[in-house]
Amino acid sequence: MLVSLTSTTPVATDLGYLLHKHPDRVRSVDVAFGRAHVFYPVATAQRCTATTYVEVDAFSRTRHRKPRRAQGLEPYLNDRPYAASSMLSVALGRLFRTALNGTCEARPELVVQPLDLEIGLPVVPVRGGQELLRHLFEPLCYEVVCSSIALDPEFPAWGDSHYVAARLAGRQTVRSALEHLYVLLPVLDDAKHYWIGPDEVDKLLSRGGGWLGSHPEADLITRRYLRIPEYTREALARLADTGEDSDLLDTQRDAAEQATESPLRLGEQRLDAVLEVVRSAGAGRVLDLGCGEGRLLERLIVEPTVTRAVGVDVSVGALKRAERRLKLEEMSERRRERIQLLQGALTYTDSRLQGFDVATVIEAVEHLDAERLDVFAEVVFGHISAPTVVLTTPNREYNQNFEQLDGRGLRHEDHRFEWTRGEFEAWARGIGARFGYGVEISTVGPVDPVCGPPTQMAVFSR
Ligand code: SAH
């Protein structure tokens, strides 16, 4: 039973710091069902692979138990030594607890750094086929290459087994990659080889809290991981709860941001600037990412060229407010068909978001953790890939002109960062070069001779 984790981001041997396992040594620990080892078959500056191998004592579970008559040969002849099951997940949890907790004392800056990672799973049991494997990992921004393993290569007519050989590649932090494996291996197998107690709910939320809530398969993952309906209900309620709390907070923080910017009527000016781009592109299908309460959508649906306007937001509360603002219930059927609100995240691929002429990201990027920006770029410019993308964001240098700011000198408590003009331009040009877009940077609002404009805008076009 094994899994390999490879980094190809130089200096690739930094993986050793992140995993707390030296590339020159083999580390082994005892686990309930055998012994788990980590070693590095390759460790160069360009490529470094850490392989976790679990030696399973196939009889360990039966030895201390009274045999049950119905068990037959199962205790002696089973897939445990070979297949990447919940036991591998337990071993990963034991071996890499520090990395899973996001601790790296020697090189703390590495913890949040996304690396080009490859995960190799030579034999993974999947109830639900390759399709399920894709549905679980692709939204987390992995490229999935997999093939079914024949039941017996000598007898092709017997068909395929439920085992799959998989290779997952993605730009991820090591911590996220370990969390994904830890939670999703037992989900793929749809079986757990150990007793499930109420603390499993906490385990799931602690390892999946950052990404599970907005994963399109959150229900299935939770159901399969916890198996017991009572625990599943509790976990889903707790995941939803975080959303509700933050919705209330969001409304308060949004009001504070609007109060800061309102003397400039900045919100209106931003929408005007974005609509100008939509008009000059003659766009029919427009996607508003992080649509909030639907201020842009409200204006898009009365544009003569726009045939379809779709708003996406991660917050259920914001979408409800958008529904009310747009009066979707009372809307004429003709107009209603042209507009749609979807719950989704800017950091997950989602095929519903493809096929648009223009994608807009208005005052939303600064709500993402800086370490998720690479994934965001992959999703918006690589996956959604609309020919025109319009993005606006605050210019931090302008903040000295505002009286009300939060404790960190930013405009909104949920802003994870705000870029200076130089930082924004460098990021935007980098995106242009990486994804093949032309980039035009412009300003919104009154330009201060020293600090520049309050809002900066980039139009990316292919
Ligand atoms: N574009 C709107 C709202 C801006 S506020 C406007 O200009 O009025 C930022 C919005 O981004 C919020 O509604 C928030 O819920 C949403 N958001 C934050 N992080 C997100 C994510 N990861 N995925 C999708 N939406 C997100």
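For Tyr17, the OH atom counts as loosely surrounded, since its 6.0 Å shell holds 12 or fewer non-hydrogen atoms of other residues, nucleotides or ligands. Crowding of Glu109 atom CD: a count of heavy atoms from other residues, nucleotides or ligands under 6.0 Å exceeding 12. By the 6.0 Å contact criterion, CZ on Arg299 is enclosed, its count of non-hydrogen atoms from other residues, nucleotides or ligands being greater than 12. Heavy atoms of other residues, nucleotides or ligands lying less than 6.0 angstrom from CD of Gln354 number more than 12. Annotation: Arg279, atom CZ; neighbour count of heavy atoms from other residues, nucleotides and ligands within 6.0 Å is above 12. The environment of CD in Glu143 is sparse: at most 12 heavy-atom neighbours from other residues, nucleotides or ligands sit within 6.0 Å.
For the pair Glu298 and Arg325, the salt-bridge criterion is met [side-chain N within less than 4.0 Å of a carboxylate O]. A salt bridge is absent between Glu366 and Arg396; no separation between the charged side-chain nitrogens and carboxylate oxygens falls under 4.0 Å. A salt bridge links Glu425 to Arg429: at least one charged side-chain nitrogen sits closer than 4.0 Å to a carboxylate oxygen. Using a 4.0 Å cut-off between a side-chain N of Lys or Arg and a carboxylate O of Asp or Glu, Arg416 and Glu371 do not qualify as a salt bridge. Between Arg434 and Asp374 there is a salt bridge, since a side-chain N of the basic residue sits under 4.0 Å from a carboxylate O of the acidic one. The pair Asp313-Lys320 fails the salt-bridge criterion, with no side-chain N (NZ, NE, NH1 or NH2) lying under 4.0 Å from an Asp/Glu carboxylate O.
For the atom pair CD (Glu131) and CG (Leu133), the distance works out to 10.0 Å, reported to the nearest 0.5 Å. How far CG of Leu100 is from CG of Leu178: 5.0 Å, rounded to the nearest 0.5 Å.
Leu5 places none of its side-chain heavy atoms less than 4.5 Å from the side chain of Val3. For the pair Glu418 and Tyr398, the minimum side-chain heavy-atom distance is 4.5 Å or more. Looking at heavy atoms from C-beta onward, Arg335 lies in side-chain contact with Val302 at the 4.5 angstrom threshold. Two residues are said to be in side-chain contact when any heavy atoms from C-beta on lie closer than 4.5 Å; Asp14 and Cys48 fail this criterion. The side-chain heavy atoms of Leu132 and Leu220, taken from C-beta on, include a pair separated by under 4.5 Å. Contact annotation: the side chain of Tyr231 never approaches that of Leu204 to less than 4.5 Å [non-hydrogen atoms, C-beta and beyond]. Contact of the Leu346 side chain with the Val314 side chain is not registered, since no non-hydrogen atoms from C-beta on lie closer than 4.5 Å.
No donor-acceptor distance shorter than 3.5 angstrom exists from the side chain of Arg171 to the backbone of Leu115, with no hydrogens or angles considered. A side-chain donor-acceptor contact under 3.5 Å links Glu363 to the backbone of Thr393. With hydrogens and angles ignored, the 3.5 Å screen pairs a side-chain donor or acceptor of Arg338 with a backbone N or O of Val306. One N or O on the side chain of Lys21 and one on the backbone of Leu95 form a donor-acceptor pair closer than 3.5 Å. For Gln172 (side chain) and Leu140 (main-chain N/O), a donor-acceptor pair under 3.5 Å exists by modelled atom type. Although no hydrogens or angles enter the test, the distance criterion places a donor-acceptor pair under 3.5 Å between the side chain of Arg462 and the main chain of Phe435. Judged by distance alone, the side chain of Asp116 and the main-chain N or O of Thr8 form no donor-acceptor pair under 3.5 Å. Between the side chain of Asn395 and the backbone N or O of Gln456, no donor-acceptor pair lies under 3.5 Å. The closest donor-acceptor contact from the side chain of Arg421 to the backbone of Glu397 lies at 3.5 Å or more, if one exists at all. Thr360 contributes no side-chain N or O that, together with a main-chain N or O of Ile362, makes up a donor-acceptor pair within less than 3.5 Å.
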Worksheet item: When you look at Ile339 and Met331, which way does the side-chain contact (heavy atoms from CB on, under 4.5 Å) test go after all the steps?
Response: CA-CA 10 Å; Ile339 188 159; Met331 204 174 260; 3.9 Å; yes

Item to complete: List the steps, then state whether salt bridge (Lys or Arg N to Asp or Glu O under 4.0 Å) holds for Arg47 with Glu118.
Response: CA-CA 10 Å; Arg47 187 177 181 85; Glu118 288 169 25; 3.2 Å; yes

Item to complete: Apply side-chain contact (heavy atoms from CB on, under 4.5 Å) to the pair Cys141 and His383, showing each step before the final yes or no.
Response: CA-CA 10 Å; Cys141 285; His383 176 75; over 6 Å; no

Fill in: Step-by-step side-chain contact (heavy atoms from CB on, under 4.5 Å) determination, Glu234 to Ile228
CA-CA 10 Å; Glu234 183 194 331; Ile228 295 171; over 6 Å; no

Item to complete: Would you please test Val124 and Leu88 for side-chain contact (heavy atoms from CB on, under 4.5 Å) and show each step?
Response: CA-CA 10 Å; Val124 58; Leu88 184 55; over 6 Å; no

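Below 30°, between 30° and 60°, or above 60°: for Phe137 and Tyr142 the angle between ring planes is above 60°, a perpendicular geometry. The aromatic rings of Trp211 and His215 stand perpendicular to each other, their planes meeting at an angle above 60°, with 30° marking the opposite boundary. Aromatic ring pairs are classed by plane angle as parallel below 30°, tilted from 30° to 60° and perpendicular above 60°; the pair Tyr53 and His37 is parallel.
Side-chain atoms of Thr392 and Arg270 form no donor-acceptor pair, as typed in the model, at a separation below 3.5 Å. Looking at Thr49 and Thr6, their side chains do bring a donor and an acceptor atom within 3.5 Å of each other.
Here the options are Val380, Ile431, Leu287, Ile384, the test is side chain to side chain contact (heavy atoms under 4.5 Å, CB included), and the partner is Val389; only Val380 passes.
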